[in-house]
> 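Here it is: the structure, laid out below.
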Amino acid sequence: MAFANIKEFLDQDEKKDLLRFLTAGSVDDGKSTLIGLLLFDSKKLYEDQLQALERDSKRVGNAGDHIDYALLLDGLKAEREEGITIDVAYRYFSTNQRKFIIADTPGHEQYTRNMITGGSTANLAIILVDARTGVITQTRRHTFLVSLLGIKHIVLAVNKMDLVKFGRQVFDRIVTEYRNLTTKLGIEDVNCIPLSALDGDNVVKKSDRTPWYEGPSLLDFLETVPIHTDRNMTDFRYPVQYVLRPNLDFRGFCGKIASGVVCEGDEVMALPSRNTSRVKRIVTYDGDLKTAFCPQCVTLTLEDEIDISRGEMLVHPDNVPEVNRHIETMLVWMDEEPMDRSKHFYLKHNTNTTRATVDEICYQVDVNTMEPRPADGFRLNEIGKVHITTAKPIFFDAYQKNRATGSFILIDPITNNTSAVGMIIGPVDEKDIDTERLPELNLPRLGIGPEHYEAIEKAVKDLNQQGIAIDIIKA
């Protein structure tokens with residue numbers, strides 16, 4: 001594509017959309033090799049990188065006489081010594097059609113949490129399988145994690161087809177088995193591609209060695225897969241990150257639009273106060289906007305002076321998220337230390353941080369069979385459904401509906417480590433709340449007698465209906 005000047009090129013580059021994708025699969029399925037070849041064949045490497053790659057391939061490579069493209073991503077010394085991926089490797093490249101951010105995730109079971117990290121923002125997942133072994137336990141595990149993360153698009157890359165002589169029957173058998181798995185998990189958009197990462201078959205260009213395959217090459221598919229419908233443009237959610245007050249004449253609320261669209265003049269409601277106002281201006285560095293949408297970062301000013309601070313949220317009054325202290329969630333344990341049920345964690349949800357406790361463990365998921373089983377705690381990489389209670393109400397949507405407002409992390413208050421990541425299912429039913437494990441709220445005695453109980457109980461009931469959880473202990 002020819003451009004008249006550099007400005008035209010930069011303008012065109014700025015308009016490209018961004019696809020984030022991850023690669024996952026078992027050890028030695030060829031994830032790093034595939035991504036390295038993708039970078040190499042799309043001419044996105046500099047000459048000094050190519051020289052270093054050729055030199056390192058002879059010294060520490062694992063691809064025989066071939067260039068070891070995996071070395072482009074496996075940069076840690078331990079990764080090169082063992083020939084495996086340990087940490088998530090991020091790489092950036094672009095074509096004439098689209099920009100890409102790649103997360104190359106580890107295949108080892110003990111590094112499952114690294115895959116969760118890499119997949120938390122991905123639009124698409126490439127699941128690699130070895131054509132010789134087909135769908136194995138690790139394939140099932142990674143596909144379950146992809147479905148848990150809400151990734152809507154999957155590419156099944158059947159790699160090392162050269163080692164099975166590009167047999168169509170082998171490919172069809174693997175595809176049938178894999179589609180049976182994704183159907184059970186409710187994943188609809190699955191595309192299957194036969195390829196050889198080492199030789200480049202069907203990676204960037206269609207291969208003559210698979211005349212029976214009528215689909216696109218991997219790069220062609222990545223350039224054209226539609227992702228604009230993946231974002232939630234219906235539910236306006238604006239977590240306030242910072243209150244901007246440079247002078248007496250300006251008071252704006254800064255943040256990133258988590259989902260939805262907002263326009264100048266829209267009526268908005270502040271949570272948890274439920275005060276309403278209208279959007280006066282949508283301010284950006286490049287000037288005011290009439291309309292803004294996710295994932296833009298903007299500053300909103302309102303027509304009325306209402307009290308809003310960091311951690312609160314602006315929404316449309318006729319489209320309000322759940323407001324609750326009791327949430328049901330899928331939890332992935334990320335800490336080396338096992339779960340301590342008696343510990344109070346910090347729960348970070350968007351810009352809001354509050355204290356939280358794990359009240360009940362409903363079950364743990366066996367990621368090999370995807371069957372639930374009873375458990376009384378979690379260890380590293382274990383996954384299950386739990387009930388959590390927070391010290392103050394949070395504003396959330398179900399994760400499957402809105403990834404931005406349906407996810408959170410639990411932080412250990414002592415070590416400051418990320419203990420777990422969670423995907424919210426919804427509010428906990430009142431009948432399922434374990435009242436014996438709720439954190440106590442010590443309030444001073446106010447000298448209130450039995451004659452006041454009826455009025456107080458009515459007021460508390462009204463507040464509970466608004467999502468403000470208060471309980472009364474009669475003494």
> Answer yes or no: is there a side-chain heavy-atom contact under 4.5 Å between Asn191 and His153?
no
> Search all heavy atoms of Leu244 against all heavy atoms of Cys254 and return the closest pair with its distance.
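Looks like CB-SG, 3.6 Å.
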> Between the main-chain N or O of Cys294 and the side-chain N or O of Arg231, is there a donor-acceptor pair closer than 3.5 Å?
no
> Quiz question: by atom type and distance under 3.5 Å, do the side chains of Lys392 and Asn352 form a donor-acceptor pair?
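Per modelled atom types, Lys392 and Asn352 side chains form a pair under 3.5 Å.
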> Take Val261 and Thr291, measure what side-chain contact (heavy atoms from CB on, under 4.5 Å) needs, and give me the verdict at the end.
CA-CA 7 Å; Val261 179; Thr291 303; 3.5 Å; yes
> Show your reasoning for whether side-chain contact (heavy atoms from CB on, under 4.5 Å) applies to Leu128 and Leu34.
CA-CA 9 Å; Leu128 274 88; Leu34 174 65; 3.9 Å; yes
> Do Val158 and Leu195 make a side-chain contact, defined as non-hydrogen atoms from C-beta onward lying under 4.5 Å apart?
no
> Can you tell me how far apart CD1 (Ile127) and CD1 (Ile187) are? Round to the nearest 0.5 Å.
8.0 Å
> Distance alone, cut at 3.5 Å: any donor-acceptor contact between the side chains of Asp286 and Thr284?
no
> Side chains of His316 and Val268: closer than 4.5 Å at any heavy-atom pair?
yes
> Does Leu149 offer a backbone N or O that forms a donor-acceptor pair with the side chain of Tyr399 under 3.5 Å?
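Yes, because the side chain of Tyr399 sits within donor-acceptor range (under 3.5 Å) of the backbone of Leu149.
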> Are the side chain of Lys348 and the backbone of Asn350 linked by a donor-acceptor contact shorter than 3.5 Å?
yes
> For residues Thr276 and Ile306, report the shortest heavy-atom separation together with the two atoms involved.
O-CG2, 4.5 Å
> Tell me whether Phe250 at atom CZ has more than 12 heavy atoms from other residues, nucleotides or ligands lying less than 6.0 Å away.
yes
> Below 4.0 angstrom, N of the basic side chain to O of the carboxylate: do Glu264 and Arg281 qualify?
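No.
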> Does the distance from a Lys or Arg side-chain N to an Asp or Glu carboxylate O, for Arg373 and Asp366, drop under 4.0 Å?
yes
> Mark yes when over 12 heavy atoms from residues, nucleotides or ligands other than Asn180 sit less than 6.0 Å from its CG; otherwise mark no.
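Above 12, so yes.
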> Applying the side-chain contact (heavy atoms from CB on, under 4.5 Å) criterion to Leu331, which one of Leu410, Val421, Ile361 satisfies it?
Leu410
> Got a donor-acceptor contact below 3.5 angstrom from the Thr357 side chain to the Asp359 backbone?
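Side chain of Thr357 to backbone of Asp359, a donor-acceptor pair under 3.5 Å: no, none is there.
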> With rounding to the nearest 0.5 angstrom, report the CG to OG1 distance, Asn123 to Thr121.
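Spacing of CG (Asn123) from OG1 (Thr121) equals 8.0 Å.
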> Is the shortest side-chain N to carboxylate O distance from Lys343 to Glu337 below 4.0 Å?
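No.
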> Which heavy atom in Gln400 sits nearest to a heavy atom in Ser147, and how many Å separate them?
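So the two residues come closest at NE2-O, 3.8 Å.
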> Side chains of Glu267 and Ser277: does their closest heavy-atom pair fall under 4.5 Å?
no
> Can you tell which of Asp17, Leu124, Leu18 makes a side-chain contact (heavy atoms from CB on, under 4.5 Å) with Ile227?
Asp17
> Could you tell me which non-hydrogen atom of Ala122 sits nearest to which non-hydrogen atom of Ile151, and how far apart they are?
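That would be O-CG1, 3.8 Å.
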> Quick check: do Lys385 and Glu328 have side-chain heavy atoms less than 4.5 Å from each other?
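Lys385 reaches Glu328 side chain to side chain.
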> Measure the shortest side-chain to side-chain distance between Val358 and Arg341 over non-hydrogen atoms and say whether it is less than 4.5 angstrom.
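Counting from C-beta outward, Val358 and Arg341 do come under 4.5 Å.
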> About how many Å separate CZ of Phe21 and CZ of Phe100, when rounded to the nearest 0.5 Å?
6.5 Å
> Okay, side chain of Asn202, backbone of Pro194: is any donor-acceptor separation there less than 3.5 Å?
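Present.
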> Atom NE2 in His387, atom OG1 in Thr329: separation rounded to 0.5 Å?
10.0 Å
> Determine whether a donor-acceptor pair (N or O, by modelled atom type, separation under 3.5 Å) exists between the side chain of Thr23 and the backbone of Ile126.
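No, Thr23 side chain to Ile126 backbone: no donor-acceptor pair under 3.5 Å.
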> side-chain contact (heavy atoms from CB on, under 4.5 Å) between Leu156 and Ile174: does it pass, once the steps are laid out?
CA-CA 9 Å; Leu156 178 68; Ile174 294 173; 4.3 Å; yes
> Counting N and O atoms only, with roles assigned by atom type, does the side chain of His349 sit under 3.5 Å from a partner on the main chain of Thr405, one being a donor and the other an acceptor?
yes
> Using modelled atom types and a 3.5 Å cut-off, is there a donor and acceptor pairing between side-chain atoms of Tyr178 and backbone atoms of Cys192?
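Pair absent, no side-chain N/O of Tyr178 close to backbone of Cys192.
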> Is it true that Asp266 and Arg278 have a side-chain N and a carboxylate O under 4.0 angstrom from each other?
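No, this pair does not count.
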> Can you name the closest pair of heavy atoms from Phe396 and Gly426 and give their distance?
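For Phe396 and Gly426, the tightest heavy-atom pair comes out as CE1-C, 4.0 Å.
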> Around atom CG of Asn416, are there more than 12 heavy atoms of other residues, nucleotides or ligands at under 6.0 Å?
no
> Let me confirm one number: the CG-CE distance from Leu380 to Met339, rounded to the nearest 0.5 Å.
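CE of Met339 is found 12.5 Å from CG of Leu380.
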> Would Arg355 count as a cation-pi partner of Tyr346, with NZ or CZ less than 6.0 Å from the six-membered ring centre and within 45° of the ring normal?
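Relative to the ring axis of Tyr346, which defines the angle, Arg355 lies inside both limits.
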> Answer yes or no: are there more than 12 heavy-atom neighbours, outside Phe293 itself, under 6.0 Å from its atom CZ?
no
> Do Phe345 and Ile411 make a side-chain contact, defined as non-hydrogen atoms from C-beta onward lying under 4.5 Å apart?
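A side-chain contact is absent here, since even the closest heavy-atom pair is not under 4.5 Å.
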> Does Lys152 NZ have over 12 foreign heavy atoms under 6.0 Å away?
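Check fails, neighbour count at 12 or below.
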> Compare every heavy atom of Phe378 with every heavy atom of Ile383, then report the nearest pair and how far apart it is.
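Taking Ile383 first and Phe378 second, the nearest heavy atoms are C-CE2, 3.5 Å.
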> Nearest 0.5 angstrom please: Lys256 NZ to Thr351 OG1, how far?
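With rounding to 0.5 Å, NZ (Lys256) is 12.5 Å from OG1 (Thr351).
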> side-chain contact (heavy atoms from CB on, under 4.5 Å) between Arg325 and Ile394: does it pass, once the steps are laid out?
CA-CA 6 Å; Arg325 289 177 56 228; Ile394 59 173; over 6 Å; no
> Donor-acceptor check, side chain of Arg237 to backbone of Phe395, threshold 3.5 angstrom: yes or no?
no
> Say whether, by atom type as modelled, one donor and one acceptor occur between the side chain of Glu223 and the main chain of Asp220 under 3.5 angstrom.
no
> Mind checking whether Arg403 and Asn232 have side chains closer than 4.5 Å, heavy atoms only?
no
> Answer yes or no: is there an ion pair linking Asp235 with Lys401, defined by an N-O contact shorter than 4.0 Å?
yes
